[in-house]
Amino acid sequence: MLYVYRTVRNKNAPGGAEFIPEVIHNRSGAGSHFAVADLNGDGQPDIVTSGVFGSFVFLNHWRR
């Protein structure tokens with residue numbers, strides 16, 4: 001599984017914030033290599049992973 005964790009401010013949480021997991025893909029994972037970069041020039045970070053299940057590119061469309 002590949003997740004990102006979104007920071008949500010919560011005054012009742014320890015430290016004033018909590019991390020909410022969001023599933024990006026349920027059949028890949030971080031594998032042996034991963035990188036985060038803006039691949040398509042839209043100003044949003046995209047993710048590239050490579051491992052035993054293959055190579056994957058995840059363009060940041062989930063946060064728009």
Side-chain angles (χ1 to χ4, degrees):
M1 302 264 313
L2 183 63
Y3 289 91
V4 296
Y5 287 84
R6 184 171 43 95
T7 304
V8 176
R9 300 294 173 205
N10 178 353
K11 64 181 178 181
N12 297 323
E18 58 185 322
F19 298 102
I20 306 298
E22 294 182 9
V23 175
I24 295 176
H25 194 252
N26 65 353
R27 301 202 58 168
S28 60
S32 58
H33 301 287
F34 74 94
V36 177
D38 182 8
L39 299 175
N40 58 356
D42 66 354
Q44 298 292 320
D46 305 309
I47 300 172
V48 179
T49 67
S50 179
V52 297
F53 297 119
S55 298
F56 298 88
V57 175
F58 301 100
L59 299 178
N60 191 347
H61 297 294
W62 66 92
R63 298 293 294 156
R64 289 186 183 168

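In this structure, A17 and T7 approach most closely via the heavy-atom pair CB-CG2, 4.1 Å. For L2 against S28, the heavy-atom pair with the smallest separation is CB-OG, 4.0 Å.
With sequence neighbours left out, the side chain to side chain contact (heavy atoms under 4.5 Å, CB included) criterion links F53 to F56. Scanning for side chain to side chain contact (heavy atoms under 4.5 Å, CB included) contacts around V52 gives an empty result, with sequence neighbours left out. With sequence neighbours left out, the side chain to side chain contact (heavy atoms under 4.5 Å, CB included) criterion links S55 to S50.
For the pairing with N60, the side-chain contact (heavy atoms from CB on, under 4.5 Å) check across N40, V36, D38, D46 returns one residue only, D46.
In this structure, CZ in R9 is found 11.0 Å from CD in E18, a value given to the nearest 0.5 Å. Rounded to the nearest 0.5 Å, atoms OH (Y5) and CD (E22) are 11.0 Å apart. How far CD1 of I24 is from CD1 of I47: 3.5 Å, rounded to the nearest 0.5 Å.
F34 and V57 fall into different hydrophobic clusters, where Ile, Leu, Val, Met, Phe, Trp and Tyr are joined by side-chain heavy atoms under 4.5 Å apart, directly or via other members. Put simply, V4 and F19 are part of two different groups of oily side chains (I, L, V, M, F, W, Y) that touch within less than 4.5 Å, one to the next.
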